[in-house]
Amino acid sequence: MSSVLTPSQSLRPGVANWAWCWMALGLAVMYVPALVELAQDLWRTDRQGHGPLVLLVASWLFWRQWPQLNAQDGRQPALVAGWMLLVVGLLLYVLGRSQLTYVFEIGSLIPMVAACVLLQQGGAGLRAVIFPLFFLLFVVPLPDSWVDLLTQPMKAAVSAVAEWLLRSLGYPIARTGVVLQIGQYQLLVADACAGIQSLFTLEALGLLYLNVVRHSSALRNVALAILVVPVSFTANVVRVAALCLITYHLGDAAGQGFLHQFSGLLLFLTALLLIIAVDSGLRRLSLARGAKQ
């Protein structure tokens, strides 16, 4: 007696697992060479040094969502949308690879993964990994021209606030643009200390925190995501002020050596503590509003 396979039966676990394996192999062939190039080049710089960590976190987010993504609850593949997104991803990849433009080459990974999910598990599967896909945006290296354009106003503002803070504490400090003169030492506020990349990295940290704690209030989630921007600014001010104090008290070698790298850890620790503090404040505000109602 002959049988006819329904669409849900065609996605039985064995076949689906082999399909995922072939898709993963194809993505590896396409993107591993680019990631190796990034590891040997941009990921070694202060501007893009957060890339490996963000990629690792994004991989963990996908792994965490795997049971929900691979659930066989009658899902139907979205073939039309999947193939269209696959073509878009391939075009971006070819453009980026041929023109040596990482923003397109690495950026194409997002529509490519989304296309694979749609072809396997349809819209329900895509919804299961929407946050990990969004998180991959923070892996995409921005062109230097974009970074310079977006960074300069932030560096100037951070430098001005750090100068005001240290002058208020009685330190002999002056500022010319993004150059701080404290005592006999002169410090240039670099992109890594107060740039747009640190803002992106801290925004990724804030969004990861939101995803882990999983608040039920959408308003609280949106408010915290927005407040990550001033939190990032404050953390950058703390880092620049700390570097000025290290250089002033311990000398230029200390400011540019190990303690300079330690100030990067201070940046993220400060940001994380501020995010938790802001979240606690929003929680108290929410409880206060609920009590009044």
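One hydrophobic cluster, built from ILVMFWY side chains closer than 4.5 Å, holds both V103 and V88. Transitive grouping of hydrophobic side chains (ILVMFWY, heavy atoms separated by less than 4.5 Å) keeps F135 and L56 in distinct clusters. No path of Ile, Leu, Val, Met, Phe, Trp and Tyr side chains, each step under 4.5 Å between heavy atoms, connects V87 with L79, placing them in separate hydrophobic clusters. With hydrophobic clusters built from ILVMFWY side chains whose heavy atoms lie under 4.5 angstrom apart, V32 does not share a cluster with L25. V179 and Y171 fall within the same hydrophobic cluster, defined by Ile, Leu, Val, Met, Phe, Trp and Tyr side-chain heavy atoms under 4.5 Å apart, directly or through other members.
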Side chain to side chain contact (heavy atoms under 4.5 Å, CB included) evaluation trace for W83 with L118
CA-CA 9 Å; W83 282 110; L118 285 172; over 6 Å; no
Between V240 and V161, is the side chain to side chain contact (heavy atoms under 4.5 Å, CB included) condition met? List the steps.
CA-CA 10 Å; V240 170; V161 175; over 6 Å; no
Please step through side chain to side chain contact (heavy atoms under 4.5 Å, CB included) for the pair L90 and M112, ending with a clear verdict.
CA-CA 7 Å; L90 285 172; M112 290 293 289; 3.9 Å; yes
Verify side chain to side chain contact (heavy atoms under 4.5 Å, CB included) between Q40 and V36, making sure each step is shown before the conclusion.
CA-CA 6 Å; Q40 295 172 343; V36 171; 3.8 Å; yes
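Heavy atoms only, all atoms of each residue included: A241 and A162 are closest at N-CB, 4.4 Å. The nearest pair of heavy atoms linking L109 to Y31 is N-OH, 3.4 Å. In terms of heavy-atom proximity, A157 sits nearest to F233 at CB-CE1, 3.6 Å. Contact record, V117 with L126: CG1-N, 3.4 Å, taken as the closest heavy-atom pair. Pairing each heavy atom of L180 with each of S159, the nearest pair is CD2-O, 3.8 Å. Here the shortest heavy-atom pairing between Y185 and T247 reads CE1-O, 3.3 Å.
For the pair F62/L133, a side-chain contact is recorded, criterion being any heavy-atom separation below 4.5 Å from C-beta on. Side chains of E105 and P33 form no contact here, defined as non-hydrogen atoms less than 4.5 Å apart. The closest side-chain heavy-atom distance from L224 to Y209 is below 4.5 Å. L27 is listed as a side-chain neighbour of V113, based on a closest heavy-atom distance under 4.5 Å.
Summarising the geometry, atom CG belonging to L119 is positioned 9.0 Å from atom CG belonging to L85; distances are rounded to the nearest 0.5 Å. The distance from atom CZ of R284 to atom CG of D279, rounded to the nearest 0.5 Å, is 10.5 Å. Interatomic distance, CD1 of I130 versus CD of Q65, reported as 11.0 Å (0.5 Å rounding). For the atom pair CG of L38 and CD1 of I106, the computed distance is 5.0 Å after rounding to the nearest 0.5 Å. Here the OH atom belonging to Y93 is positioned 5.0 Å from the CE atom belonging to M30, to the nearest 0.5 angstrom. Here the straight-line distance linking atom CG of L136 with atom CZ of F138 works out to 10.5 Å at 0.5 Å rounding.
At most 12 non-hydrogen atoms from other residues, nucleotides or ligands lie less than 6.0 angstrom from CH2 of W164. In this structure, F131 places its CZ atom where more than 12 heavy-atom neighbours from other residues, nucleotides or ligands lie under 6.0 Å away. Atom CH2 of W63 is surrounded by 12 or fewer heavy atoms from other residues, nucleotides or ligands within 6.0 Å.
L227 pairs with exactly one of V222, V278, I275 by the side chain to side chain contact (heavy atoms under 4.5 Å, CB included) rule, that one being V278.
E37 places no side-chain N or O within donor-acceptor distance of the main-chain N or O of A39, the cut-off being under 3.5 Å. With hydrogens and angles ignored, the 3.5 Å screen pairs a side-chain donor or acceptor of S59 with a backbone N or O of L55. Of the possible polar contacts, none joining the Q68 side chain to the A128 backbone as a donor-acceptor pair under 3.5 Å is found. Judged purely by atom type and a 3.5 angstrom limit, R167 has no side-chain atom pairing as donor or acceptor with the backbone of L169. In this structure, the side chain of Q121 engages the main chain of L69 through a donor-acceptor pair within 3.5 Å.
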